[in-house]
Structure formats: structure tokens, C-alpha cells
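When reading the values below, keep in mind they use all heavy atoms of this one structure, side chains included, and skip hydrogens, waters and symmetry mates. A, B, ... follow the sequence lines: proteins, then strands. Residue 1 opens every chain.
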There are 4 protein chains.
Amino acid sequence: MQVLKEEVRSAIMLAAYEEFRQSGYLEASMRRIATAAGMTSGNIYRYFRNKEDLFDAIVGPLYSEYNRYAQEYLQTAEAIATDGWDVEKRTSFFERVQNTLVGLLMASGPSLLLLLCRSEGSKYESIRSELTGFVESLLTKSFTAAKGPAGPLDERERIEIGMLAATMIESVAWIVANYHDSDMLGTLVERVIDVFGCGLEKQMEAHRS
Amino acid sequence: MQVLKEEVRSAIMLAAYEEFRQSGYLEASMRRIATAAGMTSGNIYRYFRNKEDLFDAIVGPLYSEYNRYAQEYLQTAEAIATDGWDVEKRTSFFERVQNTLVGLLMASGPSLLLLLCRSEGSKYESIRSELTGFVESLLTKSFTAAKGPAGPLDERERIEIGMLAATMIESVAWIVANYHDSDMLGTLVERVIDVFGCGLEKQMEAHRS
Amino acid sequence: MQVLKEEVRSAIMLAAYEEFRQSGYLEASMRRIATAAGMTSGNIYRYFRNKEDLFDAIVGPLYSEYNRYAQEYLQTAEAIATDGWDVEKRTSFFERVQNTLVGLLMASGPSLLLLLCRSEGSKYESIRSELTGFVESLLTKSFTAAKGPAGPLDERERIEIGMLAATMIESVAWIVANYHDSDMLGTLVERVIDVFGCGLEKQMEAHRS
Amino acid sequence: MQVLKEEVRSAIMLAAYEEFRQSGYLEASMRRIATAAGMTSGNIYRYFRNKEDLFDAIVGPLYSEYNRYAQEYLQTAEAIATDGWDVEKRTSFFERVQNTLVGLLMASGPSLLLLLCRSEGSKYESIRSELTGFVESLLTKSFTAAKGPAGPLDERERIEIGMLAATMIESVAWIVANYHDSDMLGTLVERVIDVFGCGLEKQMEAHRS
DNA sequence: GATGAATGAGCCTTCATTCAT
DNA sequence: CATGAATGAAGGCTCATTCAT
């Protein structure tokens with residue numbers, strides 16, 4: 001049964017997606033992917049150089065896009081920080097973060113799940129800490145500004161911010177892993193941001209007084 | 001030269017803990033565990049039937065304990081729910097959750113890390129969703145009570161509660177994976193519960209009106 | 001766009017020659033040959049039954065030719081030996097060997113390189129020992145004649161002749177593998193024959209006395 | 001059937017030796033080696049890290065020894081060259097080369113065969129050209145000295161020396177591949193050196209006049 | 001005629017597990 | 001008790017070859 005190249009390529013990527021989703025990058029088996037895609041393992045290598053390349057094909061485009069977004073938003077944040085960061089700007093802060101994340105989610109489709117939750121052992125495995133770092137840096141700027149002349153953040157504040165950033169990303173990862181419908185995804189992420197936003201405001205107040 | 005049986009058993013479990021922590025259940029290597037424990041891989045099998053059994057030995061007791069706690073708290077919650085769930089009781093609600101979780105953390109020691117974060121591929125890999133289910137059930141009760149006569153929760157409310165429960169557990173897992181010091185652990189978990197608590201209050205208000 | 005059959009055949013053989021030269025028979029890759037010939041690997045099998053057949057096509061004609069030469073020269077040598085083998089004839093002996101070899105080299109072109117140096121794993125891999133046998137037989141006749149009435153060669157003489165024949169072929173093979181320019185090739189082979197001739201003369205003298 | 005470690009190690013090396021000898025480094029199959037050694041392929045890896053390591057174990061010691069010899073003899077040659085290189089020293093030259101080679105052969109045993117003739121694809125594959133370079137350098141020194149004030153060698157002389165060095169090594173390789181008895185090996189190598197020595201003398205004379 | 005997708009056997013290697021010693 | 005040699009299945013990957021199109 002001869003099939004067109006693109007169809008087969010898609011079939012492989014589909015089977016690979018499923019396998020990566022179930023087993024993660026390291027435990028995924030090329031043989032199983034092949035079987036699921038209805039072919040011999042050798043044939044996969046006509047379409048993808050190796051396991052990494054196959055993972056890349058699914059997840060790489062999204063990663064690039066993320067990189068563009070991240071850089072852009074960090075620069076914007078930098079600019080705002082330099083100008084001063086008044087109440088008005090601060091209130092618009094979480095909308096920006098929210099837009100970044102929700103935008104990414106909308107643009108991404110199901111591959112975000114692999115990137116965020118199943119990439120251990122691949123070259124993308126640091127994505128979570130990158131994302132965390134990104135969010136952390138935004139939060140730090142916001143906090144520093146809010147704190148005003150009181151000076152730089154103390155150790156405990158930094159740890160808490162780090163935790164908030166990380167758990168926020170964990171939460172997003174969970175949502176991505178459990179809801180694939182684009183609308184629902186957006187709603188839930190917004191909700192999570194709300195929750196964390198609320199917690200943050202409280203923390204800021206506490207530290208300001 | 002002969003070592004007592006229990007000492008050897010401990011040595012194996014110690015080495016295994018470290019290996020599981022670093023590599024996770026699936027990627028953990030029996031050979032490396034044996035080497036680290038100062039023996040041959042074959043000897044491990046005199047003390048533990050297989051990899052799973054070894055993981056069990058480390059993580060199983062905590063799992064049982066968790067099960068006891070969970071059941072107990074659920075029953076309590078049930079009782080309260082039946083009696084009615086007034087403001088006062090509601091305000092004490094998060095303290096209970098908090099106590100449950102922090103108590104578990106204190107009672108558990110480092111094996112919680114394995115159970116929550118390194119059990120993929122083992123028979124405990126569903127622990128997170130179990131925990132989530134537990135928290136979800138508590139939240140549902142609380143919400144239902146708060147909503148009062150307006151009747152049962154709608155689909156959307158249930159989904160949001162599910163998400164909040166799950167992401168809360170994810171957050172706790174992250175903390176457990178990143179901070180081992182018992183005090184810091186407590187502080188951070190309390191902080192996370194604060195944040196989620198704040199978000200929850202807002203949500204309740206929103207839905208009450 | 002359609003190419004004539006013979007052109008394609010040639011293109012394949014050309015690409016195959018290069019691949020066999022670089023990688024040897026066993027390590028040669030049909031895929032690389034196809035790519036270099038500007039076609040798909042499958043198409044090669046319309047022109048050649050398999051890898052061996054392709055190697056055959058390049059190297060077979062030369063092998064046949066060698067066989068003709070060898071038989072012819074052996075018969076001549078036989079005839080001379082029967083007639084008696086005086087000094088004059090003996091002095092012309094190495095010229096004959098030389099002419100045989102250099103003739104083959106000139107008549108052969110680059111495929112001799114494959115036949116002599118890259119045929120391991122193919123059905124031609126015994127060519128070196130065949131050639132050696134041929135030269136050995138010539139040398140044996142010459143020696144026997146030179147030794148005269150002293151009778152047949154002893155074990156040690158036969159071994160040395162065998163070795164000289166073999167290393168002479170090895171030398172020629174090295175030259176063929178390293179110099180492709182026809183003139184240089186001739187010069188160096190003559191030079192090698194000189195060297196071996198010199199050694200042989202000495203050996204003959206030693207054994208005659 | 002339990003066997004002592006060293007016995008098994010030897011059995012593997014023996015089987016490996018045979019396999020490498022028959023198929024060369026690249027074509028050798030670990031499975032076949034294992035089968036020949038009476039075990040599963042996996043078990044080999046208890047004794048040798050991988051194919052390369054196994055080849056190393058057989059061939060490495062000899063290679064080290066060769067390196068020591070080569071350096072030593074090159075230094076000696078250098079010293080002689082500086083002092084001047086009269087007839088007497090020159091006549092002793094080939095005795096030195098001969099001693100080097102024959103010494104190596106005696107010290108080496110059958111692994112020399114693998115090193116010289118079956119190492120393609122391994123990290124030792126350049127051994128022939130190294131050896132050739134070594135001999136070539138000795139010959140060049142000798143020639144330059146013999147030529148005296150006439151100055152450096154011309155292109156053609158250099159090519160011929162290169163060829164003589166290379167074909168000499170080829171000859172030695174052939175001998176090693178075909179005779180394993182230590183005495184016979186010595187005799188034949190001496191014989192080959194004689195032959196080449198004779199050819200060299202003639203060449204020197206030709207170029208001196 | 002030619003394509004190139006597909007196969008299947010083979011490669012080296014790793015690893016949990018078993019068992020003779 | 002403990003060893004560590006051995007197994008067997010699986011891993012990712014390559015390649016000559018076949019065959020539907």
C-alpha cells in the first residue's frame with residue numbers, strides 16, 4: 001500500500017506525538033512509533049534523521065516562536081522599568097503576561113504539551129526553567145518598582161518570587177497537559193493568572209507596609 | 001565483614017533513594033544503585049523482589065499514611081457538610097487543608113519527593129491525580145456549602161475547582177522537589193496555600209453574587 | 001528528460017567506481033552510489049541485479065582479460081621450460097613478467113584498483129592470491145631451470161619464492177592504489193620489478209653455488 | 001555453567017581475534033564473536049566497554065610497544081645523521097631497521113596481523129602510513145647522506161623512496177598475515193629486507209654517479 | 001523507465017533480572 | 001549471604017533490496 005510522502009510524514013508525527021505524550025522523550029520507542037504509524041521502524045528514518053529530529057519537528061517551531069515572544073516582552077518590560085513603573089502601568093502588567101501566555105497557547109496547539117511536560121532528556125528539557133526565569137524576571141521588575149525607594153528585594157522576597165514564578169509555570173503546564181481545547185485552555189490560564197495575581201497583590205501590600 | 005541484614009537493606013534503600021531522586025523511577029539503574037550501595041546488583045534481589053518492590057519499600061509507607069490521612073479528613077469533611085457549613089467553619093477550612101498538607105510534609109521526609117515527583121512509570125504514578133481528587137473533593141464541599149441554596153455546582157465551576165486543586169498539587173510538588181529544608185518547605189507551602197486561598201475567595205464571591 | 005539506457009548505466013558505474021574506491025566493496029553504500037549518479041537507489045536495480053553484479057560489471061571484464069593473459073603466459077612458460085631454459089632465455093624472463101604486468105596495467109585503467117585493492121568481501125577477493133600464484137608459478141619455473149640438474153626446489157626455496165611473488169603483488173597493489181597517472185604507474189612498477197629482480201638474482205646465485 | 005572471569009575474558013579475546021582476522025574491524029560482528037565465545041552478545045560488555053575497547057585490548061599493547069621502538073630508533077638515526085653518516089655506518093643501517101622490525105615481530109605475536117591488516121575503521125587504521133613514514137624517514141636520511149654534497153633529494157627520488165618504504169611495509173604486512181610461526185616470520189622479513197636492501201643499493205649507486 | 005516508500009534483517013549497546021557458585 | 005557471570009529482550013539506527021505506482 002503506497003502512500004504519499006506527506007501523508008506518511010504526518011502519520012509518523014501523529015504517532016510520535018502520541019508516543020511522546022504517553023512516555024516522554026526518553027522512554028519513547030521508535031519501534032512503537034513505527035508500529036503505531038503502520039510501518040517498520042526503519043522507514044521512519046526516511047523522514048526524520050533520528051529520534052531527536054522527530055521530536056524537533058513536532059516541538060521546534062513552537063519553541064522558536066516562544067523565543068521570539070519572550071525576547072520581545074522582556075525588552076518591553078525593560079523599557080517600562082527604566083521609565084518608572086507607576087500604578088497604572090503595574091495594573092496593566094498582568095494583562096501583558098497573560099497575553100503572552102495565552103497568545104502562545106493559542107498559537108501552539110498540542111505540541112506545547114510535549115515541550116512543557118515531556119521533553120526531559122531532549123535538548124528542550126530546560127524550557128521550564130527558562131520560562132520560569134522569564135516570568136521571574138518580570139515579577140522581579142514589577143516588585144522592585146512597587147517597593148519603590150525601599151531598595152532591592154531581600155532574600156526571602158526573592159525566594160518567594162522564584163517559587164511563585166515556578167509554580168505558575170507548573171500550573172500552566174498542568175493545564176496544557178489536561179485540556180486541549182483552545183478556548184478552555186485560554187479560560188483556565190486566565191483563571192490561574194488571576195489567582196496568582198491576587199496572591200501577588202497581597203504580597204506586595206504586605207511588603208510595602 | 002558480615003553486615004547485618006537490616007544495615008544492608010538500609011544501605012540499598014539509601015542508594016536507591018538517591019538514584020530515584022536523580023533519575024526517576026524508569027531511568028533509575030539497578031546497577032548504579034548496587035554500586036552506590038557497595039555491592040553487586042544481584043544482591044539487591046535478595047532484599048527486594050525487583051525494582052518496583054524497591055521503590056515500594058521507600059515510598060509505600062508514606063503512601064499508606066497519606067491514604068489514612070486522606071480518608072480521615074474526607075470523613076470529617078463529610079460530617080461537617082452534613083451538619084451545615086457556616087462562615088466560621090469555612091474560615092477554618094483552609095487551615096485544615098494547610099494542616100493536612102504541611103502535616104504530611106513534616107511526617108514524610110524526603111520520600112515525598114519520590115512519590116510526588118519521581119514516580120512516573122511506577123504503580124504510584126497516579127498519586128498526583130489522587131491527591132488532586134482529594135483536594136478537589138474538599139474544595140467542592142466547601143464551595144457547595146458557600147453557594148448555599150443555589151444548588152449544585154455547574155460544569156464550569158467544577159472544572160475550575162478541578163484545575164485549582166490540580167495546580168495546587170503541582171505547586172506543592174514543585175516546592176517539595178526544590179526545597180528540602182523542612183522549615184522552608186513549610187513556609188513556602190503555606191505561602192502557596194495563601195495564594196490559592198486568595199484566588200478561591202475571589203471566586204466564591206464572584207459566584208455567590 | 002529521458003536518458004538513454006547506456007548513459008544511465010555508465011553514470012551508475014562511474015558513481016559506483018568512485019564509491020567502491022573510497023569505501024571498498026563491503027562498506028560501499030548503494031544509496032550513496034545512487035545519489036552520486038543522480039537517481040534513486042531503486043533504479044540501480046533495473047541495471048544491475050545487486051551490489052555484487054554492479055561490482056562485477058566494473059571489474060569483471062578486466063578479470064577475464066587477466067585470465068586470458070595469465071593462461072597464455074603460463075603456456076608460453078611451459079613451452080620454454082620444456083625446450084630448456086638457457087641463460088639468454090632467463091635474462092629475458094623478467095622482461096616478460098614486466099611486460100605482462102605493465103601491459104595489464106595499461107590495458108586495465110582504473111578498475112584494476114578496485115580489483116586489487118577494494119574487492120574484499122566480493123567474489124574477487126581472492127584475486128591477489130591468484131595473481132600471486134601466477135607469478136609464483138613463473139618464478140618457480142625460472143628457478144627450477146636455473147638450478148639445473150640439482151633437481152626440484154626444496155621447501156625453503158618454495159616458501160621464499162611464494163613470499164617474493166606475494167610481496168611483489170602487494171607492492172604492485174600499493175602502487176596502483178596510490179598513483180593513477182599511467183606514466184608514473186609504469187615507472188614505479190618497473191622500479192619495483194627491478195628491486196625484486198635484483199633480490200631474485202642474488203637468491204638464485206646463492207642457491208646455485 | 002559458571003566459568004572463571006579470566007577464562008571468559010580470554011575466550012572472548014580469542015573469538016574476537018578470529019572474527020577481526022576474518023572480517024576486519026568494521027565488518028566484525030559482536031554477535032558472532034559472542035556466539036563463537038559461547039555466550040550472549042550482552043555478556044561481552046561485562047568485559048569490554050565496546051567494540052573499540054575489545055579491539056584495543058588485543059592490539060593496544062603492541063601499538064604502545066611499537067611507538068616506543070619507533071621513537072627510539074628515530075632519535076638514534078637523528079644522532080647519527082648529525083655526526084655524519086659514513087660507509088660503515090650506512091652498512092649497519094639496514095641491520096638496525098631489520099632489528100627493529102624483527103624485534104617487533106618477535107615481541108608481537110598474532111596481534112600484529114590485526115594491527116597491520118585488519119584495523120581499518122578503528123583508531124589504529126593509520127598505523128601503516130605511520131610505519132611507512134617511519135621507514136621513509138630512515139631511508140631519506142640514509143639517502144641524503146649517501147648522496148653527499150650533491151644536495152637534497154629531487155622529486156623523483158623522494159617518490160621512489162616513498163614507494164619503497166610503503167611497499168616494504170606492505171610486504172611485511174603480507175608476511176605477518178600469512179605466517180604466524182615466529183621463526184619463519186623472522187626469516188622471511190629478513191629476506192624481504194635483503195631484497196629491498198639490494199634494490200636500494202642499486203638506486204643509490206645510480207643516483208651517485 | 002524511473003521513483004522512492006517500505007521492508008526486514010542486521011548492527012552495537014544497555015539493562016533488569018536470574019542463578020550457579 | 002553475597003557474588004558477578006550470564007541471559008534475553010529491548011533500545012536506536014543502517015542498509016541492501018523490493019515493488020507499487
Side-chain angles (χ1 to χ4, degrees), chain A residues 1-5 7-9 11-12 26-34 37-54, chain B residues 1-5 8 26-35 38-54, chain C residues 1-5 8 26-35 38-54, chain D residues 1-5 7-9 11-12 26-34 37-54:
Chain A
M1 180 198 14
Q2 244 4 36
V3 221
L4 291 185
K5 216 185 159 188
E7 273 181 79
V8 175
R9 202 182 145 90
I12 295 173
L26 272 180
E27 292 297 316
S29 153
M30 294 297 272
R31 284 227 229 296
R32 278 196 303 262
I33 291 173
M39 67 189 63
T40 319
S41 65
N43 197 37
I44 291 183
Y45 293 85
R46 288 188 51 73
Y47 296 88
F48 304 93
R49 210 172 308 122
N50 50 33
K51 202 187 189 179
E52 186 174 329
D53 193 40
L54 176 51
Chain B
M1 268 289 287
Q2 216 67 338
V3 220
L4 293 184
K5 219 181 158 199
V8 175
L26 277 176
E27 292 296 314
S29 153
M30 293 297 271
R31 199 103 86 216
R32 279 196 300 263
I33 291 173
T35 303
M39 68 191 60
T40 339
S41 60
N43 198 35
I44 291 183
Y45 290 84
R46 297 199 67 73
Y47 295 87
F48 303 94
R49 206 172 320 120
N50 51 32
K51 204 188 192 178
E52 187 171 331
D53 193 40
L54 176 51
Chain C
M1 269 285 287
Q2 216 65 337
V3 221
L4 292 185
K5 220 183 152 187
V8 175
L26 276 176
E27 292 297 314
S29 152
M30 294 296 272
R31 198 102 85 214
R32 280 196 299 263
I33 292 172
T35 303
M39 69 190 60
T40 338
S41 60
N43 198 35
I44 292 183
Y45 291 83
R46 297 199 67 73
Y47 294 88
F48 304 93
R49 205 169 323 118
N50 51 30
K51 205 186 192 180
E52 186 172 329
D53 193 40
L54 175 51
Chain D
M1 181 197 17
Q2 268 325 66
V3 221
L4 292 184
K5 215 186 156 181
E7 274 181 80
V8 176
R9 203 184 144 88
I12 295 173
L26 273 179
E27 292 297 317
S29 153
M30 294 297 271
R31 282 233 233 294
R32 279 196 304 261
I33 292 173
M39 68 191 60
T40 317
S41 63
N43 199 36
I44 292 183
Y45 292 84
R46 287 188 52 73
Y47 296 88
F48 303 94
R49 207 170 314 122
N50 50 32
K51 201 185 188 181
E52 186 173 330
D53 192 40
L54 176 50

Could you check how far [atom1] of [X] sits from [atom2] of [N], rounded to whole Å?
| X | N | atom1 | atom2 | result |
| --- | --- | --- | --- | --- |
| C/Met39 | F/dT17 | CE | P | 16 Å |
| D/Phe48 | E/dT14 | CZ | C1' | 18 Å |
| D/Ile44 | E/dC12 | CD1 | P | 9 Å |
| A/Asn50 | F/dC13 | CG | C1' | 9 Å |
| A/Ile33 | F/dA10 | CD1 | P | 17 Å |
| D/Arg9 | F/dG4 | CZ | P | 16 Å |
| D/Glu27 | F/dA16 | CD | P | 10 Å |

Options E/dT13, E/dA6, E/dG4, nucleotide nearest the side-chain atoms of A/Tyr47: E/dA6

Ignoring backbone atoms, test whether [X] places a side-chain nitrogen or oxygen under 4.0 Å from the OP1 or OP2 oxygen of [N].
| X | N | value |
| --- | --- | --- |
| C/Arg31 | F/dC15 | no |
| B/Asn43 | F/dT3 | yes |
| D/Arg46 | F/dA5 | yes |
| A/Tyr45 | F/dT14 | no |

[atom1]/[X] to [atom2]/[Y] distance, rounded to the nearest 0.5 angstrom?
| X | Y | atom1 | atom2 | answer |
| --- | --- | --- | --- | --- |
| B/Thr35 | B/Met30 | OG1 | CE | 11.5 Å |
| B/Glu52 | B/Leu54 | CD | CG | 10.5 Å |
| A/Met39 | A/Ile44 | CE | CD1 | 6.5 Å |

Sugar-phosphate, base or nothing in reach of A/Ala28, heavy atoms under 4.0 Å: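 Touches sugar-phosphate only.
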
Sugar-phosphate, base or nothing in reach of C/Arg32, heavy atoms under 4.0 Å: nothing

Pairing partner of E/dA2 (Watson-Crick or G-U wobble, both distances under 3.5 Å):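 In the structure as shown, E/dA2 has F/dT21 as its Watson-Crick or wobble partner.
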
Pairing partner of F/dG12 (Watson-Crick or G-U wobble, both distances under 3.5 Å):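 Base-paired to E/dC11.
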
Distance-minimising heavy-atom pair for D/Ile12 and D/Ala37: CA-CB, 4.1 Å

Donor-acceptor under 3.5 Å (C/Lys51 side chain, C/Leu26 main chain): yes

Nearest-nucleotide 5' precedence on DNA chain F, A/Glu52 against C/Ser29: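 Checking each residue's closest nucleotide, the 5'-ward one belongs to A/Glu52.
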
Pairwise 5' ranking along DNA chain F for C/Lys51 and D/Gly38, keeping only the more 5' one: D/Gly38

Closest-nucleotide ordering on DNA chain E, the 5'-leading residue of D/Met30 and C/Gly42: C/Gly42

